[in-house]
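Numbering starts at 1 and runs along the sequence shown.
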Amino acid sequence: MKKIAVLGSTGSIGTQTLEIVRAYKEELEVVALAAGSSVAKMEEQIREFHPKVAVMWSEKAALDLKERVSDLPVEIACGMEGLLQIAVMPEMEILVTAIVGMIGIRPTIAAIEQGKTIALANKETLVTAGHIIMPLAKEKGVSILPVDSEHSAIFQSLQGFKRSELSRILLTASGGPFRGKSREELSVMNVEDALRHPNWSMGRKITIDSATLVNKGLEVMEAKWLFDADLDQIQVVVHPQSIIHSAVEYVDGGIIAQLGTPDMKLPIQYALFYPDRRPMDTKRVDLFELAQLTFEKPDMETFTGLKLAFEAARLGGSMPTVFNAANEKAVSLFLDRKIKFLEIPELIQASMEHHKKVDAPNVEEILQAEAETYEYIRQVVEKE
Ligand code: NDP
Ligand code: MG
């Protein structure tokens, strides 16, 4: 039995992780679950998967949950303390980090320190703290197994080859719901338009990130850390069918790619059973039905979020944190209909220009850069 814990169990990645556990009950055991405020969903999950510990972010939700499951032997905790308690549980072997946002940093670090394997969906963690997490994982001999589909594809394409033979990473992007649109057209797009992703069904925040191409920018930074690549080695390729999930080019020009239908369950399952593969009930790629796969260069002049991400990555230090924090705040303002779609990259740019970069920030400094960025955006938006 592999013993796993899922941070963000009620979300898109979290529920798909539990679907895999359901299909492989004899091999996977859930020892802990954590969520934000979805108490009813958490109660259902506890009744089905019997974790030893369940955590809700808010104290109120945790109290509510405690009452609902008082007939069961499950320990209920809350807040960061609860997340950290899960991260260091002695029996837990694999931590699935499927929370949204920078809140994932501290539990991920705590779990690595205890030698736990990380199945990493929470890309914001590597974007902001990759310089802390990757060396620590190396020191502790911990595997960071990517769950993000592109990074899983790259990871799968690297199996059996030497990392030193890699020359380029071809990071594919669907282009999101607004591919091919002009800035003028983008200026009038609303929340519903942006949430209509053509290929993937995901949580709200990452779906907006796909529409701005900020998601691809975060993924460039994630790839840089996971595969120890230079930014110049990472080429974003728009591939609207989302069948090639990414590829790697080797020094001799050979390209190895991973293909599949757009279904997150495959990369999640691959991480849970790595290095083995298990049968999976998913739609198969039918090349005859597809007939063609197409590719385009990303339009960074229209989708400036991607350009800003490369800039933040090149500057390094605390700048990726500012990029990410400004985006988190701007996306939540957009979802609350307080700002327009194109104000998302505008706020990111303004925040980056306003920030005084700190080199190699520690966790405190990362969280401080995040707080300062939030405060800066609050002031900018209030002034308008
Ligand atoms: P969702 O919004 O669907 O789910 C987020 C999960 O995190 C929910 O369970 C939510 O609980 C929980 N959560 C939120 N805040 C807290 C908190 N403070 N403490 C504890 N739990 C919290 O997100 P996704 O599943 O889409 O994304 C999760 C991560 O995976 C993101 O980093 C995203 O970028 C990445 N990712 C997602 C992909 C996808 O297909 N969805 C693909 C690749 C990467 P509650 O329900 O109570 O709010
Ligand atoms: Mg992805």
Side-chain angles (χ1 to χ4, degrees), residues 36-37 57-58 80 99-106 122-130 176 178 183 186-195 202-222 300-359 361-384:
S37 56
W57 181 252
S58 81
M80 183 53 73
I99 291 187
V100 208
M102 289 169 60
I103 206 122
I105 298 176
R106 291 182 58 202
N122 178 243
K123 61 190 82 180
E124 296 91 340
T125 301
L126 273 190
V127 166
T128 56
F178 301 152
R183 285 189 72 77
L186 290 185
S187 67
V188 294
M189 290 301 157
N190 63 24
V191 174
E192 287 70 29
D193 300 323
L195 284 176
M202 310 179 283
R204 282 157 66 86
K205 191 251 172 189
I206 182 173
T207 304
I208 302 300
D209 290 351
S210 297
T212 54
L213 291 201
V214 162
N215 181 50
K216 212 44 58 178
L218 296 172
E219 291 185 354
V220 166
M221 298 190 236
E222 189 185 6
M300 297 211 238
E301 297 313 315
T302 306
F303 296 89
T304 49
L306 181 55
K307 196 163 141 185
L308 289 166
F310 271 101
E311 213 172 294
R314 252 184 214 109
L315 290 165
S318 53
M319 208 48 96
T321 295
V322 173
F323 173 89
N324 181 66
N327 178 60
E328 283 187 17
K329 192 45 136 200
V331 169
S332 100
L333 288 167
F334 175 69
L335 285 169
D336 289 343
R337 297 167 206 275
K338 298 213 169 86
I339 62 167
K340 297 208 185 79
F341 183 73
L342 282 181
E343 284 179 272
I344 300 173
E346 279 167 23
L347 283 173
I348 298 174
Q349 183 168 0
S351 303
M352 283 171 59
E353 280 164 8
H354 179 259
H355 179 66
K356 206 165 165 296
K357 191 182 85 172
V358 180
D359 288 320
N362 59 29
V363 174
E364 290 308 310
E365 289 167 323
I366 290 170
L367 298 176
Q368 195 182 329
E370 177 196 38
E372 283 171 14
T373 305
Y374 283 0
E375 177 56 22
Y376 171 70
I377 291 188
R378 197 186 60 77
Q379 286 173 13
V380 171
V381 173
E382 259 175 23
K383 231 187 262 165
E384 279 174 359

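Screening residues 319-338 for ring-ring contact (aromatic ring centres under 6.0 Å, His included) gives F334-F341 as the qualifying pairs, with residues at least two apart or on separate chains. Listed by first and then second residue, the salt bridge (charged side-chain N to carboxylate O under 4.0 Å, His left out) pairs involving residues 322-336 amount to none (not counting sequence neighbours).
Residues passing the side-chain contact (heavy atoms from CB on, under 4.5 Å) test with N190, sequence neighbours excluded: E192, D193. In this structure, K338 has no salt bridge (charged side-chain N to carboxylate O under 4.0 Å, His left out) partners at least two apart in sequence or on a different chain. Partners of E219 according to the side chain to side chain donor-acceptor pair (under 3.5 Å) rule, which considers only residues two or more places apart in sequence or in another chain, are K123, N215, K216. When the side-chain contact (heavy atoms from CB on, under 4.5 Å) test is applied to S58, the partners found at least two apart in sequence or on another chain are K60, A61. Partners of E375 according to the salt bridge (charged side-chain N to carboxylate O under 4.0 Å, His left out) rule, which considers only residues two or more places apart in sequence or in another chain, are R378. For E222, there are no salt bridge (charged side-chain N to carboxylate O under 4.0 Å, His left out) partners at least two apart in sequence or on another chain. In this view, T212 satisfies the side chain to side chain donor-acceptor pair (under 3.5 Å) rule with no residue, not counting sequence neighbours. In terms of the side chain to side chain donor-acceptor pair (under 3.5 Å) criterion, T207 has no residue partners (sequence neighbours excluded).
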I'd like a table of donor-acceptor pairs (distance under 3.5 Å, sequence neighbours excluded) in which one partner is a side-chain atom from residues 344-354, with atom names and distances.
from, atom 1, to, atom 2, distance (Å)
Q349, NE2, E353, OE2, 3.1
S351, OG, L347, O, 2.7

Donor-acceptor pairs under 3.5 Å, side chain of residues 307-321 to any protein atom, not counting sequence neighbours: which ones?
from, atom 1, to, atom 2, distance (Å)
K307, NZ, E301, OE1, 3.1
K307, NZ, E301, OE2, 3.3
S318, OG, H355, NE2, 2.7
S318, OG, V358, N, 2.8
S318, OG, V358, O, 3.4

